[in-house]
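If you read the sequence from its start, that first residue is 1, and numbering goes on from there. Here the structure is a predicted model, which means the values were calculated and not measured. Remember, it's 1-based here, ligands and their atoms both numbered in the order they're listed.
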Amino acid sequence: MRIFLTALLLAPLAALSAADTQGKKPNVLVILADDMGYGDTGFNGSKDIQTPAIDSIARNGVRFSAGYVTAPQCAPSRCGLLSGRYQNEFGCEVNTDIDKHGIPVGLRLFGDYLHPAGYRTGLVGKWHLGETPQCHPNRRGFDDFFGFVTGGHIYYCDQLLATPPPEKRIYYKLLERNGVLEKNTGYLTTVLGRECADFIHRQEDQPWFMYAAFNAPHTPLQATPELLDRVKHISDTQRRTYAAMVVGLDDAVGKILAQLKADGLEERTLVVFLSDNGGPTDKSSASNAPLRGVKGDTLEGGIRVPFAMQWKGVIPADQTIDSPVSSLDLLPTAMAAAGTEIPNDAAFAGMNLLPLLTGKAKAEPRTLRWRFPMRDLWAVRQGDFKLVKEWTRGQSKESSSQKQPDAKNNIELYQLNADIAESNDLSASQPEKRKKLQSAYDAWNASLPAQHTEGKASKEE
Ligand code: CA
């Protein structure tokens, strides 16, 4: 008994949870949306799109009002989330580079860290971290993979049933299961939601990690008549289709959560929902309100995303956390939940959020950084202040695809807790603050490898 108590007292916080005292490690479920706008969930104030399932994650746990990803674009953001490190450290900075070279061989990802703790790991959906054999999900920490390795996909799976299938266009490949192509029918988001539920249901005693990487609501804008009918109150046709895709995503999240409940796993599963980057408003009609900027920006609209987490019985419900959190925090948080040691050489840039979420610790000011060479953009946030080199300021319509207007650098300072929309530039009135943040960025930038600027324009983002 003495040994047991000593071990318990020395154990990480999560080991004190009801789940672990029953001898069970918690499951970890990361649900990732693609190009979903900050303002397009109910919990972030959407007025025209209802997302009851996604909202339930925030209601059962915590809504992060300042949840960030590490890049305003798909592949580099996913590199950061899955490695727990700033992807800039290892040259995965823009989609086109990652499409061409994939992620570095030897770079450990989420599943590689959870395998030693006894976890079974699965990826359902979009990979986008390289298409070469050494980058395949089954070789990068995922025991099970169902989905597509490319950066996007059409939604009507039936269009791929022709023989031979039209595989030349990148969004038109058959889905695969662990390397074997497979014919599927129906609406892709529904198919992926069903696969996620199946993964959960077929697991037995082994704890699991599932990365549910939906491509919705990324373009192409495609939705079923049934989904469109549920958002017929929206008059703008592009916004209506986008909204229908979000509703389809919410249905899939609802199916996943219902499976957790049916299998009695709600108190044994840490659930996270977030988007991989902000919405490309011009391309999809996504709304990043009340933020300024879009996908491709280091303004808040590009990097601050819908972000929520639940773990029933461990994380108290109905919380809103306004201090900044990052997708970089998910891996150290998951490892703490699993009660596993973080290796000394892991070099994670994030932090375990559980002490903050369980009231064991208060939020401390922290520094978050971004560098996006595709448009020579960057930003740094320290405490409530952010210095940002912006891209779209002054243009009449915010766009993710317009060219940089001129060579002039707009480096601006904002106090985000008082100015979430980045509308009041303080760079002239607070030169000392500006200088301090500039120094913080410069020091980090100098520590990184040279910027990867290959392929500045990306056709498929
Ligand atoms: Ca994306």
Side-chain angles (χ1 to χ4, degrees), residues 30-41 44 54 67-83 87-88 92-99 102-103 123-131 147-155 170-171 188-189 192 211-222 241-242 245-246 248-249 252-253 272-288 291 293-307 326-328 330 370 372-375 377 391 398-401 455 457-461:
V30 175
I31 304 172
L32 190 67
D34 195 347
D35 286 14
M36 186 173 185
Y38 181 86
D40 287 328
T41 60
N44 273 353
I54 296 168
Y68 291 99
V69 289
T70 58
Q73 193 185 44
C74 305
S77 171
R78 287 151 201 264
C79 281
L81 189 161
L82 288 176
S83 69
Q87 67 282 350
N88 317 81
C92 290
E93 302 199 88
V94 298
N95 275 355
T96 42
D97 282 334
I98 299 164
D99 286 340
I103 46 172
L123 160 60
V124 174
K126 166 172 161 174
W127 177 236
H128 205 189
L129 293 187
E131 299 174 37
F148 47 96
V149 296
T150 51
H153 205 277
I154 61 164
Y155 289 86
I170 61 170
Y171 282 15
L188 179 59
T189 306
L192 296 180
Y211 173 42
F214 289 89
N215 58 317
H218 192 295
T219 54
L221 294 177
Q222 297 175 340
T241 307
Y242 169 84
M245 296 170 74
V246 172
L249 173 63
V253 173
V272 184
F273 177 88
L274 74 166
S275 179
D276 69 336
N277 51 253
T281 303
D282 61 325
K283 289 183 179 174
S284 73
S285 295
S287 169
N288 300 308
L291 310 178
V294 298
K295 176 182 180 178
D297 278 320
T298 44
L299 290 166
E300 295 291 281
I303 54 176
R304 190 192 290 217
V305 294
F307 204 137
S326 168
S327 56
L328 294 169
L330 298 182
W370 294 266
F372 188 50
M374 181 176 151
R375 294 184 177 128
L377 299 179
W391 175 54
E398 291 192 329
S399 165
S400 62
S401 57
S458 174
K459 190 178 176 192
E460 303 278 10
E461 292 180 3

Point to revise | Metal site the Ca ion (ligand 1): N/O/S of Cys74 inside 3.0 Å | key: yes
Would one find an N, O or S atom of Gln73, in either backbone or side chain, under 3.0 Å from the Ca ion (ligand 1)? no
Sorted by chain and residue number, the side chain to side chain contact (heavy atoms under 4.5 Å, CB included) partners of Ser287 (sequence neighbours excluded) come out as Asp40, Arg239, Ala289
*asked:* Could you tell me if the side chain of Ser275 sits less than 4.5 Å from the side chain of Leu32, heavy atoms only?
replied: no
Are Met245 and Tyr155 packed together at the side-chain level, in the sense that at least one heavy-atom pair is separated by less than 4.5 angstrom? yes
Tightest non-hydrogen contact, residues His128 and Ile98, listed as O-CG2, 3.8 Å
Give the name of the N/O/S atom in [X] that lies closest to the Ca ion (ligand 1).
| X | result |
| --- | --- |
| Asp35 | OD1 |
| Asp34 | OD1 |
| Asp276 | OD2 |

Closer than 3.5 angstrom, by distance alone: can the side chain of Asn288 be matched with the main-chain N or O of Gly278 as a donor-acceptor pair?
no
